[in-house]
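No hydrogens, no waters, no symmetry mates; every other heavy atom, side chains included, goes into these values.
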There are 2 protein chains.
Amino acid sequence: MKTVTVYDIAREANVSVATVSRVLNNTAPVKKETRERISALIEKYQFQPNALARSLIRKETGMIGFILPDITNPFFPEVLAGFDREARKMGYTYFLCDTFSTNEETLNQYERESQYISLLMEKQVDGIVMLGGRIDLSRPDPQMIREVEEAARRVPFLLLNGSLPQVGLNRVATDQKLGAVLATQHLLELGHRDIAAVGGYSAMSNTQQRLQGFRSAMREHGLQPRKEWMLQDGFSVEAGVEFTSRLLAMNPRPTAIFCLNDLVAIGALKAASRAGVRVPEELSIIGYDDIQFAANSIPELTTVSLKAAEIGRLAAETLHRMIGKKKVPKLLSVLPELVVRQSTAAVRKGG
Amino acid sequence: MKTVTVYDIAREANVSVATVSRVLNNTAPVKKETRERISALIEKYQFQPNALARSLIRKETGMIGFILPDITNPFFPEVLAGFDREARKMGYTYFLCDTFSTNEETLNQYERESQYISLLMEKQVDGIVMLGGRIDLSRPDPQMIREVEEAARRVPFLLLNGSLPQVGLNRVATDQKLGAVLATQHLLELGHRDIAAVGGYSAMSNTQQRLQGFRSAMREHGLQPRKEWMLQDGFSVEAGVEFTSRLLAMNPRPTAIFCLNDLVAIGALKAASRAGVRVPEELSIIGYDDIQFAANSIPELTTVSLKAAEIGRLAAETLHRMIGKKKVPKLLSVLPELVVRQSTAAVRKGG
DNA sequence: TACGATAATGCAACCGATTTCAAATTGGGT
DNA sequence: ACCCAATTTGAAATCGGTTGCATTATCGTA
């Protein structure tokens, strides 16, 4: 079960390995007769050139590293899928690097990021894309910063939906603020004035931007957000349940809730259902992200699409250009989109 | 910006590359003083050995190929996460190969599988794991079969939750029939007699096994499933809506529905909600798979957990053993588990 | 028939590591 | 001071391809 090499093919075809290589890559003319003889042998032995050897001398591997925080978070597979379709089309293969870390583990997420970046460099990837959105990307680990800097100096490095001001990285990101503006305006146009904003982590840049958008849209309508209706630090379904329960127990209570992501919105739906509050009749709920499930909740969730797949697609396209040493803008902005479904409705007059 | 190699280190340390390699891999004793001199240089230049060159001669890459049908299907990321945690622990990196294919594309899923397998072999992966569960894995493409056979001959190849009787592959799979028995028994114990079974694709082996489990559990209770309540060929939310709407329009209608996967069950929830039928008071609904969202639907979905993460974990562990040429059982069975939540309840007497 | 141009091919270096085998160094014991 | 064994080290082959340069074969034309 010896693996066959170019030498084996060359010997049996009575040519030099150089010629075999030429028909393999179509890199120089080869006499028709010779070419056919070699092709036949390649077919006969199902010969496949060893990508390691090839990459070693070519100094390009066609491999990319894709780093993300947690594949079971439903938003990320959408981005990944968009990336996958495009990257595949361009002939890249990618390593998936999930940096998810439980408390029991030795390494935290930053250390794992550093470790993966280092590993990817060793593997000689042609480029790296890192998907942000973790809790405290805003005050990251210095060791990780150094690793990113070093990597970015050596290979194309692209940051998705995150920011790392310490390093001048190329980025692709949705306009978070605009998304929040869209969501808030939708609620305002439905006549809501008493709007809560829940979810997110105050330390996260995306949360800050979304909140900024919320405030700015409110202000444009001459409204001042109420402090007690701004409940932060939580991005999970459970957090959504908790925040919303608290909100519903208040007096006065909001007529609409802007949830900073869909998971929180789903929690809100749940809490409303438990409290016997009908959505959207008595309470409008809007999410953010447009994860797949938003279309399947009951009622179906009105939300803001971050265009996850588009981010991924654009990432692949951009990284490819960077690898090809073409010029790309430092920041590519993707426009979010309002998706109106069933969980929002006009405010009841005299509620 | 020249990349530094063992030669550079060797020259500056006044030793041969052999010695550098020795301290790199700790593969032979090196005099303390020399070792320190070399280590210092490695540190100074942030030297990282080129994995391509190393793998080329070692004939092992630490790379694995992971093939799956569609990363946006919520079941798969769970499996992948389980695999990831374990594989990472053992020092493997993996290529993610998503074979999802739209009708507009040139290649169908089989062709893409073949293509990926071939690519992975070229990249010299140490092993391949393929996650089944596609529509017609039961009557696959001959070209794909050949490719799998060829690959399995050359590297460890593991099939997850699928079957390919044509090739004698090692497999890890949940006991699908048992899961269906568990679900059906749960319904029976709640007093239900009029049970429908909807969803799945008749041509898929997992559907056949689940249906088999359903029938067998019914028979054990002396019950005969009704043909008109067995609605197949659909695994999506939409299909679930459709099937359930039809069911609810029938007379008599079932008091409980066994959905062959969670997406269909969510569709069922939706249809019931639309029809004004309360779940679980008037209708019990049980799903299958236990995707993450099952815990977040309203009402929360009772379902059967396939132990997705466990399958993944076991896959990594098993593949590792295969790579190490250790003996592993041809089939590793994972036991499913009933997860009782809110969408099922005792049948109403005199309904 | 001879010549220069062009098409085909081969030789050998190279990519960046690991590893075998032999040589050089070191050290202990007498 | 000398010898043998144990410890360190280096030279060179190797993994499996690609590619620049030189050489040979082929062909149209003068």
Side-chain angles (χ1 to χ4, degrees), chain A residues 1-39 41-42 45-63 118-119 121-126 154-155, chain B residues 1-39 41-42 45-63 118-119 121-126 154-155:
Chain A
M1 182 44 85
K2 196 188 152 300
T3 67
V4 351
T5 73
V6 274
Y7 289 90
D8 302 320
I9 302 286
R11 187 173 341 105
E12 191 159 342
N14 263 313
V15 294
S16 75
V17 291
T19 304
V20 175
S21 176
R22 283 179 193 117
V23 348
L24 236 31
N25 302 292
N26 221 324
T27 176
V30 173
K31 208 209 297 188
K32 189 166 175 236
E33 189 205 8
T34 320
R35 166 188 308 280
E36 281 167 358
R37 189 152 29 101
I38 294 176
S39 297
L41 287 170
I42 289 176
Y45 291 114
Q46 298 271 3
F47 169 72
Q48 290 183 296
N50 182 321
L52 298 176
R54 168 178 294 175
S55 299
L56 185 55
I57 192 154
R58 284 232 188 120
K59 290 177 183 317
E60 64 172 41
T61 57
M63 307 187 307
S118 172
L119 178 70
M121 300 301 295
E122 261 186 54
K123 300 274 186 204
Q124 312 295 121
V125 295
D126 288 343
R154 292 172 130 62
V155 300
Chain B
M1 182 43 84
K2 194 188 152 301
T3 66
V4 353
T5 73
V6 275
Y7 289 90
D8 301 320
I9 302 287
R11 187 174 339 103
E12 191 159 340
N14 263 312
V15 295
S16 74
V17 291
T19 305
V20 176
S21 176
R22 284 182 192 113
V23 347
L24 235 32
N25 301 291
N26 222 324
T27 175
V30 173
K31 210 209 297 188
K32 191 168 173 233
E33 189 207 7
T34 320
R35 166 189 308 279
E36 280 166 0
R37 189 153 28 100
I38 294 175
S39 296
L41 287 169
I42 289 176
Y45 291 114
Q46 298 270 7
F47 168 72
Q48 289 182 298
N50 181 320
L52 297 176
R54 169 178 293 176
S55 299
L56 184 54
I57 192 155
R58 284 233 188 118
K59 292 179 180 315
E60 63 173 40
T61 56
M63 307 187 306
S118 172
L119 178 70
M121 300 301 297
E122 260 185 55
K123 299 274 188 206
Q124 311 296 122
V125 295
D126 288 343
R154 291 171 130 63
V155 300

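- Here M63(B) contributes atom CE and M63(A) contributes atom CE; the two are 5.5 Å apart, rounded to the nearest 0.5 Å.
- Between T34(B) and I57(B), the residue anchored closer to the 5' end of DNA chain D is T34(B), taking for each the nucleotide with the nearest heavy atom.
- Between the side chains of Q48(B) and S118(A), a donor-acceptor pair is found at a separation under 3.5 Å.
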Protein and nucleotides 22-26 of chain C: nitrogen or oxygen contacts under 3.5 angstrom:
none

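- Put simply, CG on L52(B) and CG on L56(A) are 6.0 Å apart, with the number rounded to the nearest 0.5 Å.
- The distance from atom CD of E33(A) to atom C1' of dT26(D) is 14 Å, rounded to the nearest whole Å.
- Taking atom CD of residue E122(A) and atom P of nucleotide dA17(C), one finds them 10 Å apart after rounding to whole Å.
- Distance, Q124(A) CD to dA17(C) C1': 11 Å, rounded to whole Å.
- Here K59(A) reaches the OP1 or OP2 of dG16(C): one of its side-chain N or O atoms lies under 4.0 Å away.
- Nearest-nucleotide assignment on DNA chain C puts the 5′-proximal partner with Y7(A), out of R58(B) and Y7(A).
- Residue N25(A) holds its CG atom at 5.0 Å from CZ of R54(A), rounded to the nearest 0.5 Å.
- Note: CD1 (I38(B)) to C1' (dT18(C)) measures 15 Å, nearest angstrom.
- For the pair L52(A) CG and dT18(D) P, the interatomic distance rounds to 12 Å; values are reported in whole Å.
- Checked against dG17(D), dA8(C), dA17(C), the side chain of T5(B) finds its nearest nucleotide in dA17(C).
- Of the inter-residue distances, the one linking M121(A) atom CE with Q46(B) atom CD reads 10.5 Å to the nearest 0.5 angstrom.
- With rounding to whole Å, E60(B) atom CD is found 14 Å from dC15(D) atom C1'.
- With rounding to the nearest 0.5 Å, the separation of OG in S55(B) from NZ in K123(B) is 12.5 Å.
- Between R54(B) atom CZ and dC15(C) atom C1' the separation is 16 Å, expressed in whole Å.
- Contact check of residues 17-28 of chain A against DNA chain C (heavy atom, cut-off under 4.0 Å) returns A18(A), T19(A), R22(A).
- The two residues I38(A) and T19(A) come nearest to each other via the heavy atoms CD1-CG2, 3.8 Å.
- The side chain of S16(A) lies closest to dG10(C), out of dG10(C), dT18(C), dC15(C).
- Using a 4.0 Å heavy-atom cutoff across all strands shown, N14(B) reaches sugar-phosphate atoms only and no base atom.
- To the nearest 0.5 Å, atoms OG1 (T5(A)) and CZ (F47(A)) are separated by 6.5 Å.
- Nearest-nucleotide positions on DNA chain D for L56(B) and R37(B) put R37(B) closer to the 5' end.
- The main-chain N or O of R35(B) is found under 3.5 Å from a side-chain atom of S39(B) such that the two form a donor-acceptor pair.
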